[in-house]
Structure formats: structure tokens, C-alpha cells
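For clarity, every value in this text was computed on a predicted model and none was experimentally measured.
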Amino acid sequence: EHIKWLYAHNKISKDAKIVFVGGDISINNEADEIVDLCIKKGIGRMFFHTSGIFYSKGIENAIKNAPFTLFDFSLDCGTRETYKRIKRIDAFDNVIENIKKYLNCSPRAVSAIIAKYIIINGINDNVIELEKWIELIKNIGIKFIKLELDLREFDIKIAGQIEIVKPQYYEMYKLYYELIKKYRLYDQTTPYTRQILKEGGLPKGYKDEI
């Protein structure tokens with residue numbers, strides 16, 4: 001109703017970029033209607049962050065009909081066992097099937113989906129799990145991927161200290177770039193993560209005090 005009011009009062013530009021964050025769109029029972037409304041009103045760019053545990057008809061509609069759509073999903077591993085440790089839910093197979101369903105919904109989907117792997121200290125921070133993930137993503141048919149650091153390690157207010165990049169993280173990135181070149185995948189790692197890796201820790205310009 002709030003979005004309908006904004007449109008009724010000409011408060012949203014067609015040049016607006018709509019980003020769905022703050023949890024998973026698929027658990028909001030108004031989500032599909034919101035997406036449909038935005039598409040109907042001519043929104044050109046739509047971005048989604050989803051766990052992929054539940055399928056979203058709204059995301060499917062955006063892939064098919066919005067002028068430009070991107071969404072990422074954070075699987076963070078290549079095995080069901082590790083997934084359960086990270087997410088604390090047995091939904092690994094659900095995610096894989098839903099991503100395959102998105103890929104099959106439109107020829108445009110392969111350009112819309114980004115697979116994400118967040119390195120979590122002590123759980124998936126090894127080259128074995130990373131390689132399994134990349135193999136899985138390649139076999140599914142995804143072309144765009146990103147390997148990200150867990151920014152809680154590099155946020156002083158959360159970590160309580162200035163963290164440096166662990167040696168095994170560099171090993172993972174070395175393998176990552178070797179494999180994406182081999183499989184012709186496209187790297188989407190964020191500039192902030194690249195900056196942390198380049199500087200070995202919290203980038204210059206960020207306050208060091210807690």
C-alpha cells in the first residue's frame with residue numbers, strides 16, 4: 001500500500017533502481033505483488049538478494065520482463081553437510097533446484113544470476129570446499145560468480161579488533177581466479193573486498209578505533 005501511494009503521488013522515477021534486501025524476498029507474502037507493480041510501472045533496474053531456499057515468482061517475473069535484473073544467492077559451499085553447518089537448515093538441495101528453475105525460466109536468466117561464496121572463518125575457509133563450489137556452479141550453468149570475505153571480520157565495531165587477511169584466504173583467491181579462467185566464468189567480486197585483499201586488512205581511510 002505504501003508503494004501504491006508513492007506511485008499515485010508521482011514519487012518514484014522510472015529511472016529508479018529497486019533493490020530488495022534486509023532478508024529474503026520469498027518469505028514476504030506481498031513480494032510478488034510489489035515486483036509486479038514495479039515492472040508494470042516501468043522500473044528499469046531490479047536487484048535481488050535471496051537465499052534461494054524458496055522459489056519467488058516475483059524474481060521469475062523480473063528475469064522475464066524487467067529491462068534489467070540481477071540477483072545473487074549465497075550458497076557459500078559445495079556440499080550439503082557444510083551448508084547445514086553454515087545455514088543451520090537442511091535446504092542445500094532446495095536451493096540447487098530453485099536456481100536451476102530460475103535458469104530455465106528464460107534465456108535472459110544466465111545473465112541475471114550471480115553465485116556468491118562468503119568465506120567464513122573456520123567453516124568453509126579452505127580450497128577443498130571452494131573447488132567443490134566452483135565445480136557445482138559451473139555444472140549448474142551459472143556464468144557469473146563472486147568470492148567475498150565475511151565483512152564482520154573487517155568491521156572493527158563487530159570484530160573488536162583490526163583483522164588482517166589470513167594466509168588461507170589468499171590461497172583460496174589464487175585457486176578461485178585459476179578456476180574461473182579455466183571454466184570461463186565471470187568474476188563479480190566487490191571492489192571493497194578487492195581493496196581489503198590488496199591492503200591485507202582494513203582499507204586505509206577507515207577509522208581504526210573501536
Side-chain angles (χ1 to χ4, degrees), residues 1-76 91 94-118 133-134 136-151 155 176-177 180-181 183-196 203:
E1 295 303 318
H2 293 296
I3 295 174
K4 288 178 181 177
W5 185 94
L6 289 170
Y7 272 119
H9 291 80
N10 198 29
K11 299 293 185 181
I12 300 178
S13 168
K14 287 187 177 181
D15 295 324
K17 176 176 72 174
I18 305 297
V19 185
F20 291 85
V21 294
D24 197 315
I25 180 177
S26 64
I27 65 171
N28 185 332
N29 59 13
E30 291 183 319
D32 292 349
E33 186 179 359
I34 290 170
V35 174
D36 294 348
L37 175 62
C38 291
I39 293 173
K40 185 183 297 183
K41 293 294 185 179
I43 289 294
R45 296 177 295 162
M46 306 191 78
F47 296 78
F48 302 88
H49 302 277
T50 175
S51 67
I53 294 173
F54 301 105
Y55 193 80
S56 167
K57 293 295 290 185
I59 292 178
E60 179 185 314
N61 186 17
I63 292 171
K64 290 178 176 177
N65 299 305
F68 181 81
T69 300
L70 279 181
F71 83 84
D72 64 20
F73 69 102
S74 188
L75 195 62
D76 302 333
N94 291 40
V95 176
I96 301 304
E97 290 307 309
N98 285 334
I99 296 303
K100 288 179 179 178
K101 190 174 177 181
Y102 286 127
L103 280 168
N104 290 328
C105 80
S106 167
R108 303 172 67 195
V110 70
S111 299
I113 301 172
I114 303 172
K116 180 165 62 176
Y117 186 115
I118 299 174
W133 173 74
I134 294 177
L136 174 65
I137 294 306
K138 180 215 25 149
N139 291 335
I140 291 173
I142 292 171
K143 297 296 183 183
F144 296 90
I145 68 173
K146 58 170 70 173
L147 178 61
E148 300 287 354
L149 298 169
D150 185 349
L151 296 183
D155 185 322
Y176 171 76
Y177 285 113
I180 65 173
K181 182 179 180 180
Y183 296 136
R184 297 182 180 180
L185 304 176
Y186 300 95
D187 179 35
Q188 302 292 306
T189 302
T190 60
Y192 184 63
T193 291
R194 294 171 187 264
Q195 190 176 1
I196 292 173

Just distance, no hydrogens or angles: give the donor-acceptor pairs under 3.5 Å from side chains in residues 27-35, sequence neighbours left out.
{"from": "N28", "atom 1": "OD1", "to": "E30", "atom 2": "N", "distance (Å)": "2.8"}
{"from": "D32", "atom 1": "OD1", "to": "G58", "atom 2": "N", "distance (Å)": "2.8"}
{"from": "E33", "atom 1": "OE2", "to": "K4", "atom 2": "NZ", "distance (Å)": "3.4"}

Crowding at OH, Y183 (>12 non-hydrogen neighbours, <6.0 Å) | yes
To the nearest 0.5 angstrom, please state how far the OG atom of S13 sits from the NZ atom of K41.
-> 13.5 Å
With side chains defined as the heavy atoms from C-beta onward, is the minimum distance between Y55 and C105 less than 4.5 Å?
-> yes
Tell me, please, which residues at least two apart from H9 pass side chain to side chain contact (heavy atoms under 4.5 Å, CB included).
-> W5, K11
Side chain to side chain donor-acceptor pair (under 3.5 Å) pairs, two or more places apart, involving residues 65-75 | H49-D72, N61-N65, S74-D76
Whether over 12 other heavy atoms sit under 6.0 Å from N10 CG = no
Shortest non-hydrogen pair, I142 vs F144, comes out as CG2-O, 3.4 Å
Side chain of R108, backbone of I63: donor and acceptor closer than 3.5 Å?
-> yes
Could you tell me the separation between the CZ atom of F68 and the OG atom of S111, rounded to the nearest 0.5 Å?
-> 9.0 Å
Among T189, L147, I145, which one satisfies side chain to side chain contact (heavy atoms under 4.5 Å, CB included) with Y117?
-> L147
Start with the C-alpha gap between I39 and M46, add the side-chain angles, then the distance that decides, and say whether side-chain contact (heavy atoms from CB on, under 4.5 Å) holds.
-> CA-CA 9 Å; I39 293 173; M46 306 191 78; 3.8 Å; yes
Which residue, K146, Q195, E148, K116, forms the side-chain hydrogen bond (donor to acceptor under 3.5 Å, both in side chains) with T190?
-> E148
Value for CD1 (I180) from NZ (K138), rounded to nearest 0.5 Å, stands at 14.5 Å
Just how far is it from atom CD1 of I118 to atom CG of L151, taken to the nearest 0.5 Å?
-> 8.0 Å
For the student: nearest non-hydrogen atoms of R45 and D15, plus distance | NH2-O, 3.4 Å
Decide if atom OH of Y177 counts as having more than 12 heavy atoms of other residues, nucleotides or ligands within a radius under 6.0 Å.
-> yes
Reported CD1-to-CZ distance for the pair I113 and F71, which is rounded to 0.5 angstrom | 4.0 Å
When every non-hydrogen atom of G141 is compared with those of V110, the smallest separation belongs to O-CG2, 3.7 Å
Find the distance between CG (L136) and CD1 (I96) and round it off to the nearest 0.5 Å.
-> 4.5 Å
Measure the shortest side-chain to side-chain distance between L70 and F48 over non-hydrogen atoms and say whether it is less than 4.5 angstrom.
-> no
So which heavy atom on P67 is nearest to which on I43, and how close?
-> CD-O, 3.4 Å
Min side-chain heavy-atom separation N98-T50 under 4.5 Å | no
